**Q** 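What follows is a single structure, and I will ask about it in a moment.
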Protein chains: 2
Amino acid sequence: MAKSIKEIARELNVSKSTVSLVINHKAEQARISKELERRVLDYVEKIGYKPNALAKSLATGRSNTIGLIVENIGDSFFGPFALHVEELLRKKNYHVLYSSTLGDPQNAQDIIDFMLEKRVEGIILAPTINLEEHQRKILEHKVPLVVFDRNSPDIATHYVHIDNGDSSRKACSYLQSIGCKNFGLITIDSDQPQMLARKDAYLKFCAETGMQSRILQLPYHRLKQKGISALQSWVAKNVGLDGLFFTTNYLCILGLKSLRTEGREGFDFPLFSFDDHELFDILNPKISCIQQPLEPLAKTCVRVLLKEIDRGISSPKEYVISTNLIKR
Amino acid sequence: MAKSIKEIARELNVSKSTVSLVINHKAEQARISKELERRVLDYVEKIGYKPNALAKSLATGRSNTIGLIVENIGDSFFGPFALHVEELLRKKNYHVLYSSTLGDPQNAQDIIDFMLEKRVEGIILAPTINLEEHQRKILEHKVPLVVFDRNSPDIATHYVHIDNGDSSRKACSYLQSIGCKNFGLITIDSDQPQMLARKDAYLKFCAETGMQSRILQLPYHRLKQKGISALQSWVAKNVGLDGLFFTTNYLCILGLKSLRTEGREGFDFPLFSFDDHELFDILNPKISCIQQPLEPLAKTCVRVLLKEIDRGISSPKEYVISTNLIKR
DNA sequence: TATTTCTACTAAAACGTATTAGTAAAGATA
DNA sequence: TATCTTTACTAATACGTTTTAGTAGAAATA
């Protein structure tokens with residue numbers, strides 16, 4: 001199908017080596033004459049030769065590919081994150097093999113195996129629960145690994161993340177500063193460390209300020225209709241609420257939906273979201289939030305990973321990216 | 001680093017062939033004894049052997065990878081689309097190498113070259129302008145290609161898309177049915193065929209119903225602040241408007257922003273968007289839209305591509321997916 | 001007992017590349 | 001003119017697989 005160096009060599013009556021050397025711009029150092037070089041170059045150009053990257057990688061040991069494993073490439077956090085990663089890597093001549101785990105450890109398992117088999121040069125991973133073993137496998141195979149967003153506390157890897165506790169604290173103080181004296185927390189029923197940190201900071205804030213803590217934990221699955229009604233009855237039960245702090249943007253959207261379906265047009269108290277959303281600044285009322293700066297996050301992941309690839313695996317470090325408080 | 005079949009063979013005192021055959025579950029057909037098979041299997045398991053997919057692909061000619069080229073993996077159309085593609089392909093044991101062109105033909109060029117070099121078995125492409133030549137290149141290399149969302153009329157490929165004209169027509173009729181007698185069209189200043197089709201259907205509708213056409217074409221670049229003010233002054237100029245039809249959801253969002261920043265809380269006429277958005281049903285007023293059914297779209301792309309890969313390239317066909325009109 | 005058939009493997013070639021050591025011919029040196 | 005350099009290449013090996021043809025020895029057949 002596609003022509004190989006071998007065929008080109010035969011057709012030009014030269015050796016494979018010559019063709020390979022010319023193609024890789026090593027003609028000079030290999031003392032190939034200018035004429036021959038031209039002849040090869042012209043022919044290669046003419047037939048539109050595309051080197052076989054698989055063979056190349058096999059020979060050089062470099063795949064020029066990195067793996068990106070997220071929960072869901074389609075969501076408003078990971079999608080734009082992936083775009084940044086891709087952009088940054090493109091500049092370094094790397095390409096991205098991505099996959100979404102959808103939170104399913106079996107998927108994650110398959111994905112990681114596949115990537116290791118594809119000999120990606122490094123992996124950026126937003127782990128879901130129960131992925132410790134796989135992370136260990138990646139490390140065993142000496143493939144550089146950068147974990148972001150979430151991590152497993154008991155396995156040492158490079159870890160890029162925001163300070164969830166701190167950010168959550170900032171959010172609470174902000175709500176207090178705009179007059180909320182009784183705001184509740186809506187979070188997810190999961191033991192993801194970042195969610196725990198957000199909740200703990202809220203609890204700590206309550207303890208310090210004497211505010212009564214009111215927390216609703218929704219189950220991770222079935223966030224649709226069930227979640228809406230759960231939220232509605234919870235809000236109804238908790239009289240005196242004067243604000244809501246959602247620990248993720250999709251929870252906040254769920255909150256919006258549940259209030260809307262309740263027939264309320266506006267809101268009588270502020271909503272605050274952990275993570276921004278494209279439309280939060282045009283909703284009514286505007287929704288303030290903690291914004292995870294995607295680009296710095298992506299930049300750090302890429303930088304750290306490339307360094308590992310270049311200089312070999314080093315001892316794990318933690319990289320904390322600070323968040324922005326967006327007041328609206 | 002990672003152990004190879006060769007090393008395993010040496011360590012077990014058998015031949016490479018034996019190891020390979022056992023690993024690929026061909027022990028029986030190659031009459032390898034059960035004992036030996038077990039011995040190999042156990043050892044392979046013990047050391048956590050991962051075959052080198054690069055070598056494998058080189059030998060078999062199959063990369064088990066398909067390329068997905070979109071404009072922006074981070075946006076609310078392509079991201080979820082990519083997720084569906086990934087999911088569907090996972091089931092068939094294919095994986096996805098994706099890239100975003102960001103509308104830049106140079107990027108697209110690089111991406112396509114890279115994918116051809118990686119010997120992807122097929123490509124799903126949402127082309128941007130000036131990509132005809134590259135599509136031709138893909139086809140020359142005998143790589144199955146499915147184009148979706150947009151196409152270049154003068155190059156024959158399998159093409160999966162919605163019926164833009166028809167959908168746009170439906171939108172117009174709907175607006176008319178709810179009482180709009182004077183709605184305008186906000187579109188993008190581009191000659192992408194799908195945008196033209198949407199606009200043309202509007203014009204045709206005007207011609208047929210006698211409604212005066214009012215069209216604003218915003219330049220594709222600088223859609224942010226400039227677009228907002230352009231839109232504002234255009235709306236101010238066009239007295240008597242009683243509805244707006246946006247030909248994409250990001251234009252609609254731009255519209256929302258511009259009206260909001262104008263200080264208007266609500267709207268005195270309906271807005272309609274081509275393409276849905278997560279929050280359109282909770283905004284005030286609710287925004288009706290044409291919804292492109294992502295899953296059928298993705299399913300068709302994948303199905304057609306896999307068929308091409310399986311049975312060889314066939315003569316190009318067009319696949320039209322019908323849209324939904326979401327009334328809110 | 002000489003031949004055929006099975007059994008249980010292995011040797012060798014191929015995929016398409018990169019790389020290093022080698023070489024024939026021409027030119028320079030002594 | 002015999003030796004050393006340089007020039008302009010090429011041969012050979014390696015990367016890690018798959019696959020097909022081959023083979024030594026044991027068992028079965030005649």
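This one's a predicted model, so the numbers in the text were calculated from it and none came from an experiment. So you know, we letter chains A, B, ... as the sequences are listed, proteins then strands, and number each from 1.
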**Q** Would you say a side-chain N or O of A/Ser20 is under 4.0 Å from OP1 or OP2 of C/dA18?
**A** yes

**Q** Relative to the 5' end of DNA chain C, which residue comes earlier, B/Ile32 or B/Ala55, by the nucleotide with the nearest heavy atom?
**A** B/Ile32

**Q** Tell me: NZ of A/Lys6 to P of C/dC15, nearest whole Å?
**A** 5 Å

**Q** Does B/Thr18 put a side-chain nitrogen or oxygen below 4.0 Å from OP1 or OP2 of C/dT10?
**A** yes

**Q** Ignoring hydrogens and angles, state whether a donor on the side chain of A/Lys118 or B/Thr65 is under 3.5 Å from an acceptor on the partner side chain.
**A** yes

**Q** Less than 4.0 angstrom between a side-chain N/O of B/Arg31 and OP1 or OP2 of C/dT7, yes or no?
**A** yes

**Q** For B/Asn13 and C/dT10, what is the distance between atoms CG and C1' respectively, to the nearest whole Å?
**A** 13 Å

**Q** Does OP1 or OP2 of D/dT18 have a side-chain N or O of B/Asn24 closer than 4.0 Å?
**A** yes

**Q** Mind checking if B/Ser33 touches a base, just sugar-phosphate, or nothing, with heavy atoms under 4.0 Å?
**A** sugar-phosphate

**Q** Nearest to the side chain of A/Lys56 - C/dT17, C/dT10, D/dC9?
**A** C/dT17

**Q** Going by atom types only, do B/Lys16 and B/Ser4 share a side-chain donor-acceptor pair under 3.5 Å?
**A** no

**Q** Looking only at side-chain N and O atoms, does B/Ser152 offer a donor or acceptor that is under 3.5 Å from a partner on B/Gln135?
**A** yes

**Q** Tell me what A/Ala53 touches on the nucleic acid: a base, only sugar-phosphate, or nothing, going by heavy atoms under 4.0 Å.
**A** nothing

**Q** Tell me whether the rings of B/Phe148 and B/Phe78 are parallel (<30°), tilted (30 to 60°) or perpendicular (>60°).
**A** perpendicular

**Q** Hey, does B/Lys16 reach any base, or is it just sugar-phosphate, or nothing, if we go heavy atoms under 4.0 Å?
**A** base

**Q** Base of C/dA11, side chain of B/Ser17 - is there a donor-acceptor contact under 3.5 Å?
**A** yes

**Q** Identify whether any heavy atom of A/Leu54 sits under 4.0 Å from a base atom; if not, whether one sits that close to sugar-phosphate; answer base, sugar-phosphate or nothing.
**A** nothing

**Q** Which nucleotide sits closest to the side chain of A/Leu21: D/dA11, C/dT17, C/dT19?
**A** C/dT19

**Q** Whole angstroms only, please: what is the CD-C1' distance between A/Glu28 and D/dT7?
**A** 13 Å

**Q** Can you find a side chain N or O atom of A/Tyr49 that sits less than 4.0 Å from OP1 or OP2 on C/dT17?
**A** yes

**Q** Between B/His95 and B/Glu86, do the side chains contain an N or O donor and an N or O acceptor separated by less than 3.5 Å?
**A** no

**Q** For B/Thr60, answer base if it contacts any base atom (sugar-phosphate contacts may also be present), sugar-phosphate if it contacts only those atoms, and nothing otherwise; contact means non-hydrogen atoms under 4.0 Å.
**A** sugar-phosphate

